[in-house]
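Only one structure is covered here, and it is reproduced in the block below.
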Amino acid sequence: MLPLSLLNAAQNKPMLVELKNGETFNGHLVNCDNFMNITLREVYQTTADGERFWKLKECYIRGSTIKYLRVPDTLLDAVKDEQNRARDIGRGTRGAHNVGGRGGASSQHPNFTTLRALLSTYRTRTTTTRARGTWRAYAWW
């Protein structure tokens, strides 16, 4: 499971963030970016020794300072199920068009006639441009 996809799914959910210096932040995830910088709202910040804490309306945490994140288990299960479902759908359609063997075009392919028509159009165009004496990068067609 990719951490950023999990964070995107965790928006508006409660989470615990522990920093490398030992401080903890408990709050609801508002936003995250590709560097794992996160914004939390309704945050309880606790010092590393656990003796002092503050309630903050909102805070921004730089991703490089994060030691770990803790999200609800139900969210982990939901994201795993969604990714497995997407992977199974991708597997079901992934090799269906390659009926003709080792990567060659097959007459059984539903778009083979369209592909053949496009190729003949390209050949006609390149023949016309060669007749005028101009060579193009696709002149080998």
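Residue numbers run from 1 in the order of the sequence given. Keep in mind it's a predicted model, so treat the numbers as computed, not measured.
Hydrophobic clustering places Met15 together with Leu76 (ILVMFWY residues linked when any side-chain heavy atoms are closer than 4.5 Å, directly or through intermediates). Linking ILVMFWY residues whenever their side-chain heavy atoms come closer than 4.5 Å, directly or via other members, places Leu56 and Ile61 in the same cluster.
In Lys55, the NZ atom is crowded: over 12 heavy atoms of neighbouring residues, nucleotides or ligands sit closer than 6.0 Å. Shown here is Glu42, whose CD atom has more than 12 heavy atoms of other residues, nucleotides or ligands within 6.0 Å. Counting heavy atoms of neighbouring residues, nucleotides and ligands inside a 6.0 Å radius, atom OH of Tyr60 exceeds 12 of them.
When the side-chain contact (heavy atoms from CB on, under 4.5 Å) test is applied to Asn8, the partners found at least two apart in sequence or on another chain are Gln11, Cys32. Remark: Asn21 pairs with Leu19, Glu23 by the side-chain contact (heavy atoms from CB on, under 4.5 Å) rule, at least two apart or across chains. The side-chain contact (heavy atoms from CB on, under 4.5 Å) search around Arg41 returns Asn12, His28, Val30, Glu58, not counting sequence neighbours. Residues that satisfy the side-chain contact (heavy atoms from CB on, under 4.5 Å) test with Asp49, not counting sequence neighbours, are Thr47, Glu51.
Annotation: side chain of Met36 is in contact with side chain of Leu7 (closest heavy-atom distance under 4.5 Å). In this structure the side chain of Leu40 reaches within 4.5 angstrom of the side chain of Leu29, judged on heavy atoms. Between Ser5 and Gln83 there is a side-chain heavy-atom pair separated by less than 4.5 Å. Side-chain contact check for Leu6 versus Leu69: every heavy-atom pair is 4.5 Å or farther apart.
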List the steps and the verdict of side-chain contact (heavy atoms from CB on, under 4.5 Å) for Thr65 and Lys20.
CA-CA 6 Å; Thr65 63; Lys20 292 177 182 176; 5.6 Å; no
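Within the hydrophobic cluster formed by Ile, Leu, Val, Met, Phe, Trp and Tyr side chains joined at under 4.5 Å, directly or through other members, Tyr68 is accompanied by Leu16.
Nearest heavy atom pair, residue Pro72 against residue Pro14, reads CD-O, 3.3 Å. The two residues Ala9 and Leu75 make their nearest non-hydrogen contact at O-CD1, 3.6 Å.
Residue Asn31 holds its CG atom at 10.0 Å from CG of Asn37, rounded to the nearest 0.5 Å.
Residue pairs meeting the salt bridge (Lys or Arg N to Asp or Glu O under 4.0 Å) criterion with at least one member in residues 64-74, sequence neighbours excluded, are Glu18-Lys67.
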